[in-house]
Amino acid sequence: QVQLVESGGGLVQAGGSLRLSCAASGRTFSSYDMGWFRQAPGKEREFVTAISRSGSSTYYADSVKGRFTISRDGAKNTVYLQMNSLKPEDTAVYYCAAGFMITAQAAGYAYWGQGTQVTVSS
């Protein structure tokens, strides 16, 4: 199995940027498709973005398209989420996930990190 640890969350003003990292350990990182999800207080966990195990395919939720970018570095066993032009509605706990299919469905991912808080002030 794989262990995932997110970092990089914090407090930022609207319009600002943050880069989240998700470090993977355990089985071969390149075996997994990776995704980012987020969950705001009182709301269900929602899909943000995903990247294929090769890195050649990426998918984004409409709400973040053009503002967020997912990438992965096989040498560092890390997946990144670059978040630009942040809005207060982006405030949530962000989770990294690993699985064997690239999907917007949370049930499609077998492994999850503990989450990192992102707060965007207006």
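Each residue takes its place number in the sequence, starting with 1. Hydrogens, waters and symmetry mates are skipped; everything else that's a heavy atom, side chains included, is used. Keep in mind the model is a prediction, meaning the values are calculated, not measured.
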- request: Check the hydrophobic clustering (I, L, V, M, F, W, Y; side-chain heavy atoms under 4.5 Å; chains of links allowed) and say if Val79 and Val64 are grouped together.
  value: yes

task: Decide yes or no for Leu81 and Thr49: does some side-chain heavy atom of the first lie under 4.5 Å from some side-chain heavy atom of the second?
output: yes

message: Return the CG to CE distance between Leu20 and Met83, rounded to the nearest 0.5 Å.
response: 3.5 Å

task: Check the pair Thr91, Val118 against side chain to side chain contact (heavy atoms under 4.5 Å, CB included), reporting the backbone distance first and the verdict last.
output: CA-CA 5 Å; Thr91 295; Val118 171; 5.9 Å; no

query: Tell me, do Val93 and Arg45 make a side-chain contact under 4.5 Å, heavy atoms counted?
result: no

Point-to-point distance, once rounded to the nearest 0.5 Å, from OG of Ser121 to CD of Gln13: 5.0 Å

Cation-aromatic face contact Arg72/Tyr80, 6.0 Å, 45 degrees: no

- request: Could you tell me which non-hydrogen atom of Ala106 sits nearest to which non-hydrogen atom of Trp112, and how far apart they are?
  value: O-CZ2, 3.4 Å

- prompt: Once you round to the nearest 0.5 Å, how far does CD1 of Ile102 lie from OG1 of Thr58?
  reply: 7.5 Å

task: List the steps, then state whether side chain to side chain donor-acceptor pair (under 3.5 Å) holds for Ser56 with Ser54.
output: CA-CA 5 Å; Ser56 61; Ser54 68; 2.7 Å; yes

- prompt: Does Arg38 make a cation-pi contact with Tyr95 (under 6.0 Å, within 45 degrees of the axis)?
  reply: no

task: Return yes if a side-chain donor-acceptor contact under 3.5 Å exists between Ser17 and Asn84, otherwise no.
output: yes

task: Evaluate the side chain to side chain contact (heavy atoms under 4.5 Å, CB included) criterion for residues Tyr60 and Phe47: first the C-alpha distance (whole Å), next the side-chain angles of each, then the deciding distance (0.1 Å), finally the verdict.
output: CA-CA 8 Å; Tyr60 295 91; Phe47 171 76; 5.8 Å; no

query: For the residue pair Tyr32 and Phe100, is the inter-centroid distance of their aromatic rings smaller than 6.0 Å?
result: yes

message: With a 4.0 Å cut-off on N to O distance, would you call Lys87 and Asp90 a salt bridge?
response: no

query: How many angstroms lie between CD in Gln114 and CG in Leu4, if you round to the nearest 0.5 Å?
result: 9.0 Å

message: Would you say that Leu18 contacts Leu86 through its side chain, given a criterion of any heavy-atom pair below 4.5 Å between the two side chains?
response: yes

- line: Minimal heavy-atom distance between Ala24 and Val2, with the atoms involved, is CB-CG2, 3.8 Å

message: Atom NZ of residue position Lys43 - does it have more than 12 heavy atoms of other residues, nucleotides or ligands inside 6.0 Å?
response: no

message: Within this structure, what is the OG-CD1 distance for the pair Ser57 and Ile51, rounded to the nearest 0.5 Å?
response: 8.5 Å

message: Would you say that more than 12 heavy atoms from the other residues, nucleotides or ligands in this model lie under 6.0 Å from the CD of Glu89, or not?
response: yes

- request: Could you tell me the separation between the SG atom of Cys22 and the OH atom of Tyr94, rounded to the nearest 0.5 Å?
  value: 15.0 Å

message: With a 4.5 Å cut-off on side-chain heavy atoms, are Tyr109 and Thr103 touching?
response: yes

- request: With side chain to side chain contact (heavy atoms under 4.5 Å, CB included) as the test, would you mind laying out the steps for Gln3 and Ser25 before giving the verdict?
  value: CA-CA 5 Å; Gln3 293 79 41; Ser25 61; 3.3 Å; yes

Atom of Pro88, atom of Ser122 and distance for their closest heavy-atom approach: CG-CB, 3.9 Å

message: Taking the side chain as everything from C-beta on, heavy atoms only, tell me whether Met34 gets closer than 4.5 Å to Cys96.
response: yes

- request: May I ask you to check whether Trp36 and Phe68 place their ring centres under 6.0 Å from each other?
  value: no

